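Computed from a predicted model, the values in this text were never measured in an experiment.
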Number of protein chains: 2
Amino acid sequence: MPNSSPDLNRVFRALADSTRRTVLERLSHGPATVGELAKAFEMALPSFLQHIDVLEEAGLTTSEKQGRVRICSIAPAALDVGEGWMRSLRGLWHRRADALEAYLEQFKNPEGESP
Amino acid sequence: MPNSSPDLNRVFRALADSTRRTVLERLSHGPATVGELAKAFEMALPSFLQHIDVLEEAGLTTSEKQGRVRICSIAPAALDVGEGWMRSLRGLWHRRADALEAYLEQFKNPEGESP
DNA sequence: TGAACTGTTAGGCATAGACCTAAGTTACAA
DNA sequence: TTGTAACTTAGGTCTATGCCTAACAGTTCA
């Protein structure tokens, strides 16, 4: 479970904004241009572009320039990284679901083993 | 796929920091006190406490005061929210994996259907 | 060519985040 | 009852984020 990678930081940070999540949802239905994507939001285009850049730097989207148009697509590999981390964490937890009880017993029953 | 909820913002933001992810990994093996958790990091205790608070506000951990000790545990329900969002997004994408090709054709073959 | 379209860059502002030190507070222990 | 342990709160700095307007490209089309 590699954790210290800056990739996870970037992926989760990118997902921590509802504008960007909405863009990803839109892109999950198929590619779109910057202008098409921006229509759904009220913010100024340069502000919106920053969100696109954050997504792309996180590896969650890619884009390709066609003439004067920039076409964005979703790139779910980065999503897998985040999802994988979460799943493995939850897996660990499930294997230890009884640990809480045992641990708390220590504090109620100080005669048990030392922490 | 509820997206606008501030919960997802908080969950993903909380995960966007490697200190906090390390804490979650530690807690996935079982509960621990603030002091035990803090030992693994070099930062000052008040700084570390802020991370604990972020995790708790995101619903990723819970804590319980036992005497002068605060015992933290993982609370994977919030994790499921994030993981669920990611999985459903990826599901959508897989059903549309061929959309990129078709879309790009528009720009190469302007005689196709209008966008 | 020159206007219109679609981005893009530059620069500024306000808020939030991540860290710090110093100074409490509460519980346990001698 | 006094000291120590284990947080907790207060307040400060510095950087990053999210937004804006204004001005600048690169493309397309009349």
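Place A/G67 and A/F48 on DNA chain D by their nearest nucleotides, and A/F48 ends up nearer the 5' end.
A donor atom on one side chain and an acceptor atom on the other are not found under 3.5 Å apart for B/E83 and A/W85.
Shown here are the side-chain hydrogen bond (donor to acceptor under 3.5 Å, both in side chains) partners of B/R13, two or more places apart in sequence or in another chain: there are none. With sequence neighbours excluded, the residues that form a side-chain hydrogen bond (donor to acceptor under 3.5 Å, both in side chains) with B/R70 are B/D53, B/E56, B/S63. By the side chain to side chain contact (heavy atoms under 4.5 Å, CB included) test, A/A75 pairs with A/T62, sequence neighbours left out. B/R68 is linked by a salt bridge (Lys or Arg N to Asp or Glu O under 4.0 Å) to nothing, counting only residues two or more places apart in sequence or in another chain. Among residues two or more places apart in sequence or in another chain, the side chain to side chain contact (heavy atoms under 4.5 Å, CB included) test is passed with B/A44 by B/P46, B/S47.
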Just the atom pairs and distances: protein N or O near nucleotides 14-17 of chain D's N or O, under 3.5 Å.
{"from": "D/dT17", "atom 1": "OP1", "to": "A/R13", "atom 2": "NE", "distance (Å)": "3.4"}
{"from": "D/dT17", "atom 1": "O3'", "to": "A/R13", "atom 2": "NH2", "distance (Å)": "2.9"}

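Within the structure, every pair that satisfies the ring-ring contact (aromatic ring centres under 6.0 Å, His included) test and touches residues 45-83 of chain B, not counting sequence neighbours, is listed here: B/F41-B/F48. The salt bridge (Lys or Arg N to Asp or Glu O under 4.0 Å) analysis of residues 73-82 of chain A, with sequence neighbours excluded, yields the pairs A/D80-B/R90.
Taking OG from A/S28 and CG from B/L89, the interatomic distance works out to 5.0 Å, rounded to the nearest 0.5 Å. Note that CG of B/L79 and CZ of A/R87 are 11.0 Å apart. Values are rounded to the nearest 0.5 Å. Atoms OG and CG, on B/S18 and A/L8 in that order, are 9.5 Å from each other to the nearest 0.5 Å.
Running 5' to 3' along DNA chain C, contacts with non-hydrogen atoms of chain A at under 4.0 Å begin and end at C/dA4 to C/dT9.
Remark: A/S47 is in phosphate contact with D/dC20, judged by side-chain N or O atoms under 4.0 Å from OP1 or OP2.
B/E36 places a side-chain N or O within 3.5 Å of a backbone atom of B/T33 that can act as its donor or acceptor partner.
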Worksheet item: Along nucleotides 2-8 of chain D, 5' to 3', which nucleotides get a B, which get an S, and which get a -, given that the test is a protein heavy-atom distance under 4.0 Å?
Response: --BBSBB
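With respect to B/C72, the side chain to side chain contact (heavy atoms under 4.5 Å, CB included) criterion is satisfied by exactly one of B/V23, B/L37, B/L24: B/L37.
Within residues 51-59 of chain A, the residues having any heavy atom under 4.0 Å from DNA chain D are, by residue number, A/H51.
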